[in-house]
Amino acid sequence: QCPQVTAGAIDLLKTWCEDPARVREGMSLLKKLTLERPTIRNRTLETLLGFTHHEEAYIRDPAVRLTTQKLFQGKNSSDDMDVEIDGAENDRAVVQSKCRQECSEKIRAYASWSLGSLIGEEASAEFEALPEDGPTEDIAKQRVELYLALCTKDPSLLQRTLDVFVASNTPTKRVMNSLSARMWATIGGDNEALQQLLWTFPVPDGFPYIQAMLRKLSQGVASPSLVNAVKKVYTERAEVQKDVRLLTPFLDAHSREEIVEMLPQLVQLLKRPLGPKQLPDALNGLFASSPCPLPPADLLIALHDLKDEPRQVAQAISVCLKDLGRIFNFTVLAKVLTKLVESTPLPQLFMFTFITAMRECPKLAQQSGPAVQVLKRCIDKKIWTTPLWKGFLRSIKDYSHLDPVVAILRSLPQKQLLRALKDGGPEVHSAFTAHMGKFDHIPQRYLDALEKTKPTVRYSLYLACTGTVFAIFVSACGL
């Protein structure tokens with residue numbers, strides 16, 4: 001060993017650490033000197049810690065790794081080297097263990113300063129002042145990495161990350177949630193300190209942090225202990241007020257009955273700014289599980305059983321059919337529509353779902369397809385006696401170009417046939433006329449209906465116009 005390490009030697013070692021070709025050797029030497037040279041330990045440790053927030057990743061990464069893995073000793077750590085070693089090796093191990101204990105307090109304090117500097121807390125002079133509008137993503141990344149790495153060795157530090165997250169600007173929050181993913185996965189959902197965050201996070205500002213954490217920990221096989229902890233917080237923590245965002249990452253861990261019970265809360269997600277994204281994400285996670293506790297068809301049918309806030313339920317149905325079209329495919333929609341049309345009474349949003357499904361999956365309207373059979377069942381069930389009659393007429397009008405759909409009108413009683421031909425306008429009237437023209441003999445009631453509902457000259461001219469100027473001219477002339 002060299003009898004003395006001068007300040008000049010340490011400065012030379014610093015240049016090594018900033019040289020891409022020698023950074024590994026330089027960092028390794030700094031670590032070794034910190035462990036084995038008590039007289040210069042403070043200087044070498046400070047030098048190494050200074051590199052943990054360096055702007056260059058090739059310098060920062062090994063500094064963070066060595067500091068965390070070789071010099072830091074978390075609470076209840078298993079790194080105490082408590083195995084029995086004889087002679088000099090045992091003495092050396094004891095010395096290094098005590099050294100790590102001494103270094104750990106300084107490392108912990110330094111990392112906390114680095115993290116706290118992002119929210120304006122007073123830190124050591126080596127941390128540069130922040131821009132006026134707060135830390136950028138690059139600055140945030142440089143200053144959080146060490147603390148997050150320490151959390152994997154000492155999860156009791158986790159609360160500090162949540163506190164800083166809540167007080168941070170948007171770029172810092174993005175960085176923290178992104179970089180924390182590996183930390184959460186390493187710590188694991190069974191950890192008590194991690195689960196304790198569910199009881200301490202501030203509502204509502206801490207929700208983004210907790211949601212990101214739960215989404216990460218829900219990947220793969222979720223910890224049963226974590227799932228139970230989340231359920232307990234959901235039902236017992238008053239501030240949370242049964243906010244379903246806590247449960248969405250673990251929908252697949254609930255029973256069919258539990259999911260059906262929480263459907264009203266899932267629908268309420270759509271009132272939140274990020275709800276239109278959160279709901280399909282939650283449902284994707286549910287449907288990806290095998291076996292799925294509530295398959296897509298059953299979920300869509302269950303949505304129609306909800307009585308409150310039909311507008312929100314309709315929006316949830318739209319999310320299923322439009323954003324998750326790969327899941328709610330022809331087979332699923334055919335099953336849902338066929339089952340719903342047999343309900344008594346017909347669900348309030350049945351025709352809304354029918355029209356949306358037809359638009360998202362045109363295959364449903366093929367000749368003799370499920371859509372035609374569903375419309376026939378609507379007539380069998382006298383849909384004109386329900387508020388859904390307008391939706392039925394809308395469907396006929398939208399698909400009057402399909403002969404099987406127009407043919408359904410023949411099954412209507414005379415009064416309802418007149419209404420359908422009148423409200424459907426020239427499109428339906430023309431389509432029904434063409435359809436009846438295929439027969440050698442046309443019953444008188446159809447001829448009477450066509451005559452009584454013949455479109456006016458004004459409306460026929462207007463419909464024939466595709467130019468806006470001509471349409472305005474027709475209206476102005478009072479035709």
Side-chain angles (χ1 to χ4, degrees), residues 1-14 16-17 23-54 59-117 121-127 142-161 164 183 186-187 191 193:
Q1 287 187 349
C2 178
Q4 183 178 3
V5 180
T6 64
I10 295 178
D11 290 338
L12 178 61
L13 192 53
K14 287 177 65 175
W16 277 27
C17 294
V23 61
R24 293 181 64 182
E25 298 175 41
M27 294 289 179
S28 181
L29 277 173
L30 272 178
K31 181 264 297 182
K32 188 177 180 65
L33 290 172
T34 301
L35 286 173
E36 299 181 2
R37 293 302 183 94
T39 57
I40 59 169
R41 179 171 297 150
N42 287 340
R43 178 77 185 276
T44 55
L45 180 59
E46 288 172 2
T47 301
L48 186 58
L49 289 173
F51 288 135
T52 61
H53 58 89
H54 198 280
I59 297 174
R60 185 175 66 251
D61 291 348
V64 170
R65 184 171 59 254
L66 284 174
T67 301
T68 305
Q69 297 179 0
K70 303 300 181 181
L71 300 178
F72 182 74
Q73 189 168 286
K75 294 179 180 178
N76 302 319
S77 174
S78 60
D79 298 337
D80 293 343
M81 300 182 71
D82 54 359
V83 296
E84 293 186 4
I85 308 176
D86 293 332
E89 286 299 321
N90 181 52
D91 293 340
R92 184 183 180 191
V94 171
V95 169
Q96 290 195 356
S97 179
K98 291 181 178 179
C99 171
R100 285 199 301 274
Q101 292 177 8
E102 178 184 333
C103 291
S104 293
E105 291 304 316
K106 296 178 181 179
I107 293 170
R108 187 180 286 107
Y110 189 92
S112 184
W113 287 337
S114 179
L115 185 65
S117 70
E121 292 182 359
E122 186 175 351
S124 62
E126 63 184 278
F127 293 100
Q142 294 162 21
R143 300 192 188 185
V144 304
E145 286 186 340
L146 176 60
Y147 196 93
L148 297 182
L150 298 186
C151 288
T152 62
K153 300 287 288 290
D154 186 359
S156 68
L157 301 175
L158 278 171
Q159 183 64 47
R160 171 78 163 154
T161 67
V164 171
M183 173 192 71
T186 302
I187 294 172
N191 185 271

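- Separating the CG atom in Leu71 from the NZ atom in Lys106 is a distance of 11.5 Å, to the nearest 0.5 Å.
- Atom NZ of Lys31 has more than 12 neighbouring heavy atoms from other residues, nucleotides or ligands inside a 6.0 Å radius.
- Under the 4.5 Å side-chain criterion, counting only non-hydrogen atoms from C-beta, His53 is not in contact with Leu146.
- With rounding to the nearest 0.5 Å, the separation of CG in Leu35 from OG1 in Thr44 is 8.5 Å.
- Looking only at side-chain heavy atoms (C-beta outward), Thr52 and Ser114 stay at 4.5 Å or farther from each other.
- The closest donor-acceptor contact from the side chain of Thr152 to the backbone of Ala149 lies under 3.5 Å.
- Residues Gln142 and His54 share a closest heavy-atom pair of CG-O, 3.8 Å.
- Remark: Leu45 CG to Leu33 CG distance equals 12.0 Å, nearest 0.5 Å.
- Contact detail for Met183 and Leu158: the closest heavy-atom pair is CE-CD2, 3.6 Å.
- Rounding to the nearest 0.5 angstrom, the gap separating the OG1 atom in Thr34 from the CG atom in Leu48 is 6.0 Å.
- Between Tyr110 and Gly50, the shortest heavy-atom contact is OH-CA, 3.6 Å.
- Side-chain contact between Pro38 and Arg41 is present, with heavy atoms from C-beta onward closer than 4.5 Å.
- Arg65 contributes atom CZ, which lies 9.5 Å from atom CE of Met27 (distance to the nearest 0.5 angstrom).
- Counting all heavy atoms, side chain and backbone alike, Gly26 lies closest to Cys17 at C-SG, 3.4 Å.
- In this structure, the separation between CZ on Phe72 and CD1 on Ile107 is 7.0 Å, given to the nearest 0.5 Å.
- With contacts defined as side-chain heavy-atom distances shorter than 4.5 Å, the pair Arg24/Pro62 does not qualify.
- In this structure, Arg100 and Lys70 approach most closely via the heavy-atom pair CD-O, 3.1 Å.
- Nearest heavy-atom pair across Pro155 and Ala193 is O-CB, 3.5 Å.
- Annotation: side chain of Leu148 is not in contact with side chain of Leu115 (no heavy-atom distance under 4.5 Å).
- Proximity of Tyr147 to Val164: side-chain heavy atoms (C-beta onward) are nowhere separated by under 4.5 Å.
- Residues Leu30 and Lys14 fail the side-chain proximity criterion, which asks for heavy atoms closer than 4.5 Å.
- Electrostatic pairing of Arg108 and Glu105 counts as a salt bridge here, judged by a charged N lying under 4.0 Å from a carboxylate O.
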